[in-house]
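Given the structure is predicted, the values throughout are model-derived calculations rather than measurements. Within every chain, numbering begins at 1; the chains are lettered A, B, ... in the order of the sequence lines, protein sequences first and strands thereafter.
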Amino acid sequence: MPLRLYNTLTQEVQPFAPLSDNTVRMYTCGPTVYDFAHIGNFRTFVFFDLLRRWLRASGFKLDHVMNITDVDDKIIRNAVAQNKTLEEYTAIYTKAFLDDCAALRLERPEHLARATENIAEMASAIHKLEDDGFTYRSDGSVYYRISKFKGYGKLSHNDFSGMVAGARVDVDNYDKADARDFALWKAAKPGEPSWDTEVGNGRPGWHIECSVMAIRYLGDTLDLHAGGIDLIFPHHENEIAQSEALTGKPFARFWVHSEFLFVEGQKMSKSLGNYYTLRDILAMGYSPEVVRFLLASVPYRKALNFTFAGLASAKTAIERLRNFKLRLETAKLPAGVNAAIADHATRALAGFREAMDDDLNTAEALASVYEYLRDANIALDAGEFQTGNLAGAHALLEQMDAVFEVLKPSASTDGMSEADIENLIAERTAAKKSRDFKRSDEIRAQLLESGVIIEDTKDGVRWKRK
RNA sequence: GGUGCGGUAGCCAAGUGGUAAGGCAAGGGUCUGCAAAACCCUUAUUCGUCGGUUCGAUCCCGACUCGCACCUCCA
């Protein structure tokens, strides 16, 4: 069966395919670069990456835009506090974000769109909304009048019909006509960055950038729009209101949302002391691919409980996969094909694909790989795994790694050269042969200290970096 | 209060109207000079509670209960 995704709009799992020319036009809500991104953010960004990879594995081409919000209240506040310009401040965290993404092996979207590079387009869109009567002004700011847009609430499935305009307006929203209304354009304030545009001097509201950049780079109707589940309301609801008012066409065919991440069962928050950036986790000695694997292995629509026990578990699980690959590369195999193992490889590959096609069920996809792994290891132990079984094993691993990408260790920063390692291993083997176990154990310890693990097998000694 | 999601072994986590995947941990074992590493085996008569439908329910329906998210900035 082809790829199926859960569409928040219809609240159903539906077959997914792009509308035209086999290219998926997708937009994902990226970071606001006011600080280092945390692991909760990366749960979502890892999900985007899995989605990208599986869409491509499904035979589609990608045209993917992700925004970088580089102007907003928090950024302005922090930049001012640090006596930096907006550009200086956001450059730091934009780079940090991209570095973190690279560490997590996240593919770069085809376009990264910065809000500040699309101000004129936003102003122009706001102007059009004003002309078409979707807005009103208050103290130089422009607000979207939600009551003008029928269908508001169709994504979040909220029914606002019983809501009396103004009835629940908070005191700090006194300048809005309706609690649901939101700012498209915020009038300039002294000491804050602003842009002089056709709708006045000021800066854009949060929601407008996504509508404008999505339409600018991808066209009026997207195939797919993704984000964290918390963005459904109001952000994505507002994007729909803006975009569909602008174009008169459906904004996105599929809306896909990833669930939240918790830390040790609790919502991550600075006050609880369980707030971690990716950098925090890496500084504790975990490798990026371990984090990636943990975030990827829980299906995206299920809340993920991030724990350090879970990280340790992910680390061991990856090592088992890597070790299997190492085994394939170093074992001396008899010629021929083991039909049962070959068949299992075929079934495992099909099972992996079917699980991924089923709304990206990564947990089930991995299970398919592990079941094969056990059978193959048993066959390897028994000497029944044959040269003709290598291709099937590698095909499965490659398919798995095309999605999860955890097999290749991150480049070690230090460590001895391969030649030195081989020399020491040769010396150890000689020492063992002459029953000089003291010397052989010394060498083993020395290698371990340099991060090299030795494994004695019946096919000889093999090694790997820690 | 409204909307939505979820409660499956010590932890993480799939799943189906026909009798519980997988990972980690734990225990046992193989291998080994000893280790390490690796590999294998074992580990839920039971799927929040109570009813209902059914020949049969963890899976369908209802009630209850617990937890969570969104409804305000938030991935």
A.B. asks: Look at all strands and tell whether A:I232 reaches a base, only sugar-phosphate, or nothing, counting heavy atoms closer than 4.0 Å.
C.D. replies: nothing
A.B. asks: Do A:E264 and A:N274 meet the criterion of a side-chain donor-acceptor pair at a distance under 3.5 Å?
C.D. replies: no
A.B. asks: With sugar-phosphate meaning primed atoms plus P, OP1 and OP2, does A:F233 contact a base, only sugar-phosphate, or nothing at under 4.0 Å between heavy atoms?
C.D. replies: sugar-phosphate
A.B. asks: Write out the stems for RNA chain B, ordered by first number and formatted as range with range, counting runs of at least 3 consecutive Watson-Crick or G-U wobble pairs under 3.5 Å.
C.D. replies: B:1-7 with B:65-71, B:10-12 with B:22-24, B:26-30 with B:38-42, B:48-52 with B:60-64
A.B. asks: Taking the side chain of A:K464 as heavy atoms from C-beta outward, which of B:C70, B:A37, B:C41 is closest to it?
C.D. replies: B:A37
A.B. asks: Would you kindly give the CD-to-C1' distance between A:E259 and B:C70, to the nearest whole Å?
C.D. replies: 10 Å
A.B. asks: Under 4.0 Å, counting only non-hydrogen atoms across every strand here, what does A:R320 touch: a base, just sugar-phosphate, or nothing?
C.D. replies: sugar-phosphate
A.B. asks: Do A:Y34 and A:D73 pair up side chain to side chain, a donor and an acceptor below 3.5 Å, judged on atom types alone?
C.D. replies: no
A.B. asks: With a non-hydrogen cut-off below 4.0 angstrom, is A:D456 in contact with a base, only sugar-phosphate, or nothing?
C.D. replies: base
A.B. asks: For B:U46 and B:A9, measure between their C1' atoms and round to the nearest Å.
C.D. replies: 9 Å
A.B. asks: Rounded to whole Å, please give me the gap between CD1 in A:I443 and C1' in B:A37.
C.D. replies: 17 Å
A.B. asks: Please measure how far the P atom in B:G6 lies from the corresponding atom in B:C61, and state the result in whole Å.
C.D. replies: 12 Å
A.B. asks: Any idea which of B:A75, B:C24, B:A38 is nearest the A:R327 side chain?
C.D. replies: B:A38
A.B. asks: From the options B:A21, B:A36, B:G33, select the nucleotide whose nearest atom is closest to the side chain of A:E371.
C.D. replies: B:A21
A.B. asks: Heavy atoms only, 4.0 Å cut-off, all strands: where does A:F437 land among base, sugar-phosphate and nothing?
C.D. replies: base
A.B. asks: Kindly point out which of B:A69, B:C24, B:G15 is positioned nearest to the side chain of A:S313?
C.D. replies: B:C24
A.B. asks: What integer distance in Å separates A:R43:CZ from B:A75:P?
C.D. replies: 15 Å
A.B. asks: Quote, to the nearest angstrom, the C1' distance that separates B:G4 from B:G10.
C.D. replies: 31 Å
A.B. asks: Among B:G33, B:G23, B:A14, which is the nearest nucleotide to the side chain of A:R444?
C.D. replies: B:G33
A.B. asks: If you measure from the C1' atom in B:A21 to the same atom in B:C47, how many Å do you get, rounded?
C.D. replies: 14 Å
A.B. asks: Rounding to an integer number of angstrom, what distance separates B:A20 and B:U43 when you compare their P atoms?
C.D. replies: 13 Å
A.B. asks: Assess whether one donor atom and one acceptor atom, taken from the side chain of A:D441 and the base of B:G33, lie less than 3.5 Å apart.
C.D. replies: yes
A.B. asks: Given the ring of A:F306, does A:R43 sit roughly above its face, with NZ or CZ under 6.0 Å from the centre of the six-membered ring and within 45° of the axis?
C.D. replies: no
A.B. asks: Of the nucleotides B:A36, B:A75, B:A38, which one has an atom closest to the side chain of A:T32?
C.D. replies: B:A75
A.B. asks: Counting only heavy atoms not in A:K154, do more than 12 sit closer than 6.0 Å to its NZ atom?
C.D. replies: yes
A.B. asks: Applying side chain to side chain donor-acceptor pair (under 3.5 Å), which residue pairs with at least one partner in residues 366-375 of chain A are found, sequence neighbours left out?
C.D. replies: A:H344-A:D375
A.B. asks: Is the aromatic ring of A:F45 within stacking range of B:A75, meaning centres under 5.5 angstrom and planes under 30 degrees?
C.D. replies: no
A.B. asks: Base, sugar-phosphate, or nothing: which does A:L261 touch, judged by heavy atoms less than 4.0 Å apart?
C.D. replies: base
A.B. asks: Checking all strands, does A:H38 fall into the base, sugar-phosphate, or nothing category for heavy-atom contacts under 4.0 angstrom?
C.D. replies: base
A.B. asks: Considering only NZ, NE, NH1 and NH2 on the basic side and carboxylate oxygens on the acidic side, decide whether A:E455 and A:R462 come within less than 4.0 Å.
C.D. replies: yes
A.B. asks: Side chain of A:A363, heavy atoms from C-beta onward: which of B:A14, B:G33, B:C73 has the nearest atom to it?
C.D. replies: B:A14
A.B. asks: Out of B:C73, B:G23, B:A13, which nucleotide sits closest to the side chain of A:P234?
C.D. replies: B:C73
A.B. asks: Check every atom of B:A14, B:A75, B:C41 against the side chain of A:D230 and return the nucleotide holding the closest atom.
C.D. replies: B:A75
A.B. asks: Distance only, no hydrogens: is a donor on one side chain within 3.5 Å (strictly under) of an acceptor on the other, for A:D70 and A:Y89?
C.D. replies: no
A.B. asks: Kindly determine whether A:N67 and A:T69 satisfy side chain to side chain donor-acceptor pair (under 3.5 Å), including the steps that lead there.
C.D. replies: CA-CA 6 Å; A:N67 66 301; A:T69 300; 3.1 Å; yes
A.B. asks: For A:T346 and A:D343, which I'm curious about, is there any donor-acceptor pair between the side chains at under 3.5 Å?
C.D. replies: no
A.B. asks: Ignoring the backbone of A:E455, work out which of B:U3, B:A38, B:G23 is nearest its side chain.
C.D. replies: B:A38
